[in-house]
Undergrad: 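One structure coming up, written as structure tokens, with questions to follow.
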Amino acid sequence: MNDENRTELAKGYEHREVEARWYPFWKGRGYFHGDERDRSRPAFSIVLPPPNVTGSLHLGHALTATLQDVLVRWKRMSGFNTMWLPGTDHAGIATQMIVEKELKRTEKLSRHDLGREKFLERVWAWKEKYGSRIGEQHQALGAALDWERERFTMDEGLSRAVREVFVRLHEEGLVYREKKLINWCPDCHTALSDLEVEHEEAHAGELWSFAYPLVDPPAGGPSEIVVATTRPETMLGDTAVAVHPEDERYRALVGRKVRHPILGRELPIVADAILVDPKFGTGAVKVTPAHDFNDFEVGKRHALELIGVIGPEGRMTAEAGPLAGQDRFEARKEVKRLLAEAGFDRGAKPHVLPLGRCQRSQTVLEPLLSDQWYVRIEPLARPAIEAVEQGRTRFIPESWTNTYMAWMRNIHDWCISRQLWWGHQIPAWYCPEGHVTVARETPAACSTCGSGALRQDEDVLDTWFSSALWPFSTMGWPRENETLRTWYPTSVMETGHDIIFFWVARMMMMGIHFMGEVPFRTVYLHPMVRDEKGQKMSKTKGNVIDPLVITEQYGADALRFTLAALTAQGRDLKLAKERIEGYRAFANKLWNATRFALMNLEGFEAGAGGAEAATPADRWILARTQRAVNETVGALEAFRFNEAAGTVYQFVWHELCDWYIELAKEALYGDDAGKKGAAQATLVRALSTALRLLHPFMPFVTEELWSVLRTKVRAEDWPDSILASSYPAPGPVDEAAARGFGPVIGIVDAIRNIRGEMNVPFKVVLDDVEIGSLDAEAARTVGEELGRIHRLANVRGARVHAAGVAPARRAASTVAVGAGFELRVGLAGAVDLEAEKARIAKEIDKVAQDLAALERKLANPSFVQRAPPEVVEKDRARADELREKRGKLDAHRVMLSVTEDSLDAKSPRREEPMENQNPQPPTTGEVVMEKLDKAASTVGEASKAAASAVASGFESVVAQAKKAVKKVRRKVAKKKPARKPARKPARKPARKKAAAKKVAKKKPAKKKPAKKK
RNA sequence: GGGCGGAUAGCUCAGGGGUAGAGCGUCGCCCUUACAAGGCGAGGGUCACAGGUUCGAAGCCUGUUCCGCCCACCA
């Protein structure tokens, strides 16, 4: 953009320089803004899960942003009217705690020192200061968010929506206030919902027993009753002892009384079949209705007194008598001491128990009796269950459906009031008479008695209450409007599965209740991001990674691609730096592929009507391109991000770069204008398709490359932003073109393999290559593409036989048998007989193994009868193929032993590279070989025939072949024995040694597959 | 206590009734004029264990052992 007409690229990709430029460009062009009045295109909308306003993004957020951006950019390019709504959450407790902590640290003040109003001013100031960071981070990641629609849960509009919902629910009787036991955090000093309780699975505690003396022991009966508890301090609030009604041990005691050993009051012994398990402990339970959820129910059943002995601070109340004012854990020790002194201690044993802790502060929670507001949830849950049952909303991965259902079907009323200052203050007012007025706007008088002395409820709502409205409150609800009409329900809810209950379920309930329709069609739940050790990232663990740090180091594209590539369904995601490095290299690869194109597109103009796909190679890459498009789009539609990313990666790197670009050089560097133009057109088409496929994953680098490429090829019909171009469309793949090119690839691979195995460096030209055993089509293709084969394998003058003709058998050659072709590479002096024998033996061994397995299978009558015919047919065909291959390889092996017998294998090898050897008159050696060759083809035929007799195994083939060979050998022997053929200079000793070492080294390693553990 | 998921190459993980895959790492060989953040090649696996279903199981079923996670008011 700085230089609009740039058509060249730097040598390597510098993400810092490139990424800085594009976000303002996109945003400035309005590409991220959806138009609610546009009905010409299908709508696609996502609301971003609002991060906590005072936080900063971690990798989980980066994953959220990435996946959603992939969807949004993909849909936008696919012709949808997209809208992705950003915003932040006020995050009640979390934010208040941060600001309180800061206040304490810097000014040594508590919020109470400041007072509510002043404190809230501080929180707002904090929000203004840090809230923008979230936006910056999203921009750095490239998120195509519609910033004009940014919302905050406590802004004007959303606050109105919150009050509206609260009041309506209250009017409908679905919001109520009641005094009951709730989970209380003595540290955060507020009530919590069930969801905010973290259950410590197995806390190592103790089960302590003590005796309650009977006030009026039955004659001849016990004088006390022993109870067990994990919380001795609560005995100060005990108001009964419960036993099982059918427990013989205690039958006589029910209805009698015990005396409280510390406080002196009398407690009834009650029978309760629900609470008491006669097999646990002593079968008698102390009952503390004010501090235990089970006991609370018992209290209701037996009309027991509620005595609160622990206060909001976690200290003992006046009701605790002598222990009043003590911390609850101190009191625990004290109670034990007092009872022991008084002789009531009956021992203790270790006991593991579940323990509820505060999600925020990790403090052990205290069940506390208090007045709180609740949402009657069952009437809201039922329709939300039905919506999923009916498929109006579907979960991906599907397994989350069960989780959602199980929770919804067993849901408890939702405690929504919090004793905090930061949040939506509850729109309820109290008059001195105690009447409650719930209203949308501050009322002037009590709705019951008309009193003007109103005081608003000091509590605020659970932060998730406003979050639950997010999909519609952000779109202007309760006002009817175009935004809602266009984009509600949203298309996808994409978030982490950790907030399925907190958020997803509640949005479902509220959305259905207030909008009459589900808030989203699809819920895609992504995995949790963990660190390299598999630990969940959290601030307390200190293993949080700031996405900006990674973005700075590796580039946003690399991070995004990594996250997408690792997002497989149903598993957590472990992020390792090596992966990011790998994908940074991928961005660089793409950069350089484009750079290559730019350097080779002289004279080419897109839209000039140049011929495309003139050659099999061109048609091949275009077929592969289409296949990649189909697979990528298919994967995206199924939310298989890892597959989409993997497909494009594979295509770009291994097909476009490794193959096509290398293939194209033949035409691009050549003189054939037609072929050159076609190669250019094909390259541009494949590359531009790849850029568009990749854009949702790697927006920055693709935009940069698109702009340069577009300038270079003067493609006026390309939009000047890749984001405005269209996503490649799925379509039929030219399978024939894809398949037809197979032999070319196979042949190049085979020659490269031979080079590797035989230690022939690439720079040594192979000038004796024969290609045969092709079918008609392959013969044509290979003939046509011979130039490319020459270039890719560094071969000169390869001979391609007519269809059906096999390469000749020749000594000092190495062969390869592939699918649909057979190859002979004459290596003259370069053949290391031992190495080649080993190579062939290995190959034969593998073929034999595969074949044996197949034949066993095919010999099984029930397989042939019962397996699908096409499977059987496929296996038969493959068996035939393997047999043929084995025959050919075996013939070659025979050839090798002949060579060994007849020629001096140890003859010195030449020193200079072969490419310096121009064709020259046949040497004596060659004449000899010629003869050998003829005979050998006979051998080849014989062995082939034998091989096709299948099960006979190699030995008979070898025997036959050897016989035939002997004849030849005698003949040859009569001629002058080949003494030092001219074309056989000595081999580099070093190399030979290395090769020998390699073989020697390999053997033992192979036998023992190093099995540890 | 209930539920869900996992165990596949040295590492990180895909796959999922019909020839075991990728990336990284390892080992060779190459600075071949897009890219050494690269190219070419190679090696590497009783798919946790035990049964079962099937012509055929790494995959499906049952059980076992480990490892995660979620839900849960047994003193």
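Because only heavy atoms are used, hydrogens play no part in the values below, and waters and symmetry mates are left out as well, while side chains stay in. Each chain gets a letter, A, B and so on, in the order its sequence line appears, and its residues count up from 1.
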Undergrad: Salt bridge check, A/Arg357 against A/Glu200: does any charged N sit closer than 4.0 Å to a carboxylate O?
TA: yes

Undergrad: Of the nucleotides B/A75, B/U12, B/A37, which one has an atom closest to the side chain of A/Glu14?
TA: B/A37

Undergrad: When you compare B/U64 with B/G21, how far apart are their C1' atoms, in angstrom units rounded to a whole number?
TA: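 The answer is 29 Å between these two C1' atoms.
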
Undergrad: Considering only B/A75, B/C35, B/C24, which nucleotide approaches the side chain of A/Pro354 most closely?
TA: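 Closest nucleotide to the A/Pro354 side chain: B/A75.
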
Undergrad: Regarding A/Glu873 and A/Arg878, does a basic nitrogen lie under 4.0 Å from an acidic carboxylate oxygen?
TA: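 Salt bridge between A/Glu873 and A/Arg878, a charged N being under 4.0 Å from a carboxylate O: no.
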
Undergrad: Partner lookup for B/U62, please. Criteria are Watson-Crick or G-U wobble with both distances under 3.5 angstrom; report none if nothing qualifies.
TA: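 Looking at the geometry, B/U62 pairs with B/A50.
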
Undergrad: Is any N or O donor-acceptor pair between the side chain of A/Glu643 and the base of B/A22 shorter than 3.5 Å?
TA: no

Undergrad: Looking across every strand, which nucleic acid part, if any, lies under 4.0 Å from A/Lys286 by heavy atom: base, sugar-phosphate, or nothing?
TA: nothing

Undergrad: If you measure only the distance, is there a donor-acceptor pair under 3.5 Å linking the side chains of A/Asp277 and A/His244?
TA: no

Undergrad: What N/O pairs connect the protein and nucleotides 56-61 of chain B at under 3.5 Å? Give each pair on its own line.
TA:
none

Undergrad: If you measure from the C1' atom in B/A50 to the same atom in B/C11, how many Å do you get, rounded?
TA: 29 Å

Undergrad: Does the ring center of A/Phe641 lie less than 6.0 Å from the ring center of A/Phe697?
TA: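 Centroid separation for A/Phe641 and A/Phe697: 6.0 Å or greater.
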
Undergrad: Using the C1' atom as the reference point in each nucleotide, state the distance between B/A48 and B/A7 in Å, no decimals.
TA: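 Between the two C1' atoms, the distance is 6 Å.
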
Undergrad: With a 4.0 Å cut-off on heavy atoms, is A/Leu566 in touch with a base, just the backbone sugar-phosphate, or nothing at all?
TA: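 Since no nucleic acid heavy atom lies under 4.0 Å of A/Leu566, the category is nothing.
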
Undergrad: Can you tell me the distance, in whole Å, between the CE atom of A/Met698 and the P atom of B/A37?
TA: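 Spelled out: CE on A/Met698 to P on B/A37 is 17 Å.
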
Undergrad: Distance only, no hydrogens: is a donor on one side chain within 3.5 Å (strictly under) of an acceptor on the other, for A/Asp238 and A/Tyr212?
TA: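 Yes, side-chain donor-acceptor contact under 3.5 Å.
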
Undergrad: Please determine, for the side chain of A/Phe280, which listed nucleotide (B/A34, B/U12, B/A75) has the closest atom?
TA: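 Between B/A34, B/U12, B/A75, the one nearest the side chain of A/Phe280 would be B/A75.
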
Undergrad: A/Asn592 CG to B/A36 P: how many Å, rounded?
TA: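 Going from CG in A/Asn592 over to P in B/A36 covers 7 Å.
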
Undergrad: For B/A20, give its Watson-Crick or G-U wobble partner with both distances under 3.5 Å, or none.
TA: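 Checking every strand shown, B/A20 finds no partner, since no pair has both distances under 3.5 Å.
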
Undergrad: Using purine N1 to pyrimidine N3 plus N6-O4 or O6-N4 for Watson-Crick, or N1-O2 and O6-N3 for G-U wobble, each under 3.5 Å, what pairs with B/U26?
TA: B/A42

Undergrad: B/A75, B/G15, B/C55: which one has an atom nearest the side-chain heavy atoms of A/Arg640?
TA: B/G15

Undergrad: Identify which nucleotide among B/G38, B/G18, B/A75 has an atom closest to any side-chain atom of A/Pro868, counting heavy atoms from C-beta outward.
TA: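 From the listed options, B/G18 comes nearest.
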
Undergrad: With rounding to whole Å, what would you report as the distance between B/A22 and B/G16 at their C1' atoms?
TA: 15 Å

Undergrad: With respect to the side chain of A/His351, which nucleotide from B/A75, B/U12, B/A42 is positioned closest?
TA: B/A75

Undergrad: Can you identify which nucleotide, out of B/G39, B/U12, B/G41, has its nearest atom closest to the A/Trp653 side chain?
TA: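 So the side chain of A/Trp653 is nearest to B/G39.
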
Undergrad: Heavy atoms under 4.0 Å, any strand shown: does A/Arg878 hit a base, just sugar-phosphate, or nothing?
TA: base

Undergrad: Charged N to carboxylate O under 4.0 angstrom, A/Asp850 versus A/Lys846?
TA: yes

Undergrad: A/Arg595 side chain N/O closer than 4.0 Å to the phosphate oxygens (OP1, OP2) of B/A34?
TA: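 The answer is no; no side-chain N or O of A/Arg595 sits under 4.0 Å from OP1 or OP2.
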
Undergrad: For B/C35 versus B/C40, give the span between their C1' atoms, rounded off to a whole number of Å.
TA: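 Roughly 15 Å separates the two C1' atoms.
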
Undergrad: Describe, in one word, how the ring planes of A/Phe586 and A/Trp653 are oriented to each other, choosing from parallel (under 30°), tilted (30 to 60°) and perpendicular (over 60°).
TA: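 A/Phe586 vs A/Trp653 ring planes: parallel.
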
Undergrad: Salt bridge between A/Glu206 and A/Lys336, side-chain N to carboxylate O under 4.0 Å?
TA: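 Looking at A/Glu206 and A/Lys336, the cut-off is met.
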
Undergrad: Regarding A/Phe501, tell me which of base, sugar-phosphate or nothing describes its non-hydrogen contacts under 4.0 Å with the strands shown.
TA: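 The answer is sugar-phosphate, as A/Phe501 gets under 4.0 Å only of primed atoms, P, OP1 or OP2.
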
Undergrad: Does a donor on one side chain and an acceptor on the other come within less than 3.5 Å for A/Ser193 and A/Glu196?
TA: yes

Undergrad: Which one is paired to B/G1, where only Watson-Crick or G-U wobble pairs with both distances under 3.5 angstrom count?
TA: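 WC or wobble partner is B/C71.
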
Undergrad: For A/His497 together with A/Trp400, are the ring centres under 6.0 Å from each other?
TA: yes

Undergrad: Whether the A/Lys286 and A/Thr234 side chains hold a donor-acceptor pair (N or O, under 3.5 Å, no angle test) is what I'd like checked.
TA: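 There is such a pair between these side chains.
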
Undergrad: Relative to A/Trp659, does A/Arg791 satisfy both conditions: NZ or CZ under 6.0 angstrom from the six-membered ring centre, and within 45 degrees of the ring's axis?
TA: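 No; the conditions do not both hold, so A/Arg791 does not lie above the ring face of A/Trp659.
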
Undergrad: Report which part of the nucleic acid A/His497 touches: base, sugar-phosphate, or nothing (heavy-atom distance under 4.0 Å, all strands).
TA: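 No contact at all - A/His497 keeps every heavy atom at 4.0 Å or more from the nucleic acid.
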
Undergrad: Which part of the nucleic acid, if any, lies within contact of A/Ile661, taking any heavy atom under 4.0 Å across all strands shown: a base, the sugar-phosphate backbone alone, or nothing?
TA: base

Undergrad: In whole angstrom, what separates A/Lys577's NZ from B/U12's P?
TA: 15 Å

Undergrad: Atom pairs under 3.5 Å, N or O on each side, protein against nucleotides 31-33 of chain B: can you list them with distances?
TA:
none

Undergrad: Whole-Å distance between B/C71 C1' and A/Arg409 CZ?
TA: 15 Å

Undergrad: Using a cut-off of less than 4.0 Å, is there contact between a side-chain N or O of A/Trp407 and OP1 or OP2 of B/G2?
TA: no

Undergrad: Considering every strand shown, what is the Watson-Crick or G-U wobble mate of B/U33 when both distances are under 3.5 Å?
TA: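 None - no nucleotide pairs with B/U33, as no candidate has both distances under 3.5 Å.
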
Undergrad: Just compare B/C40, B/G41, B/C71 and give me whichever is closest to any side-chain atom of A/Asp749.
TA: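 Among the listed nucleotides, the one closest to the side chain of A/Asp749 is B/G41.
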
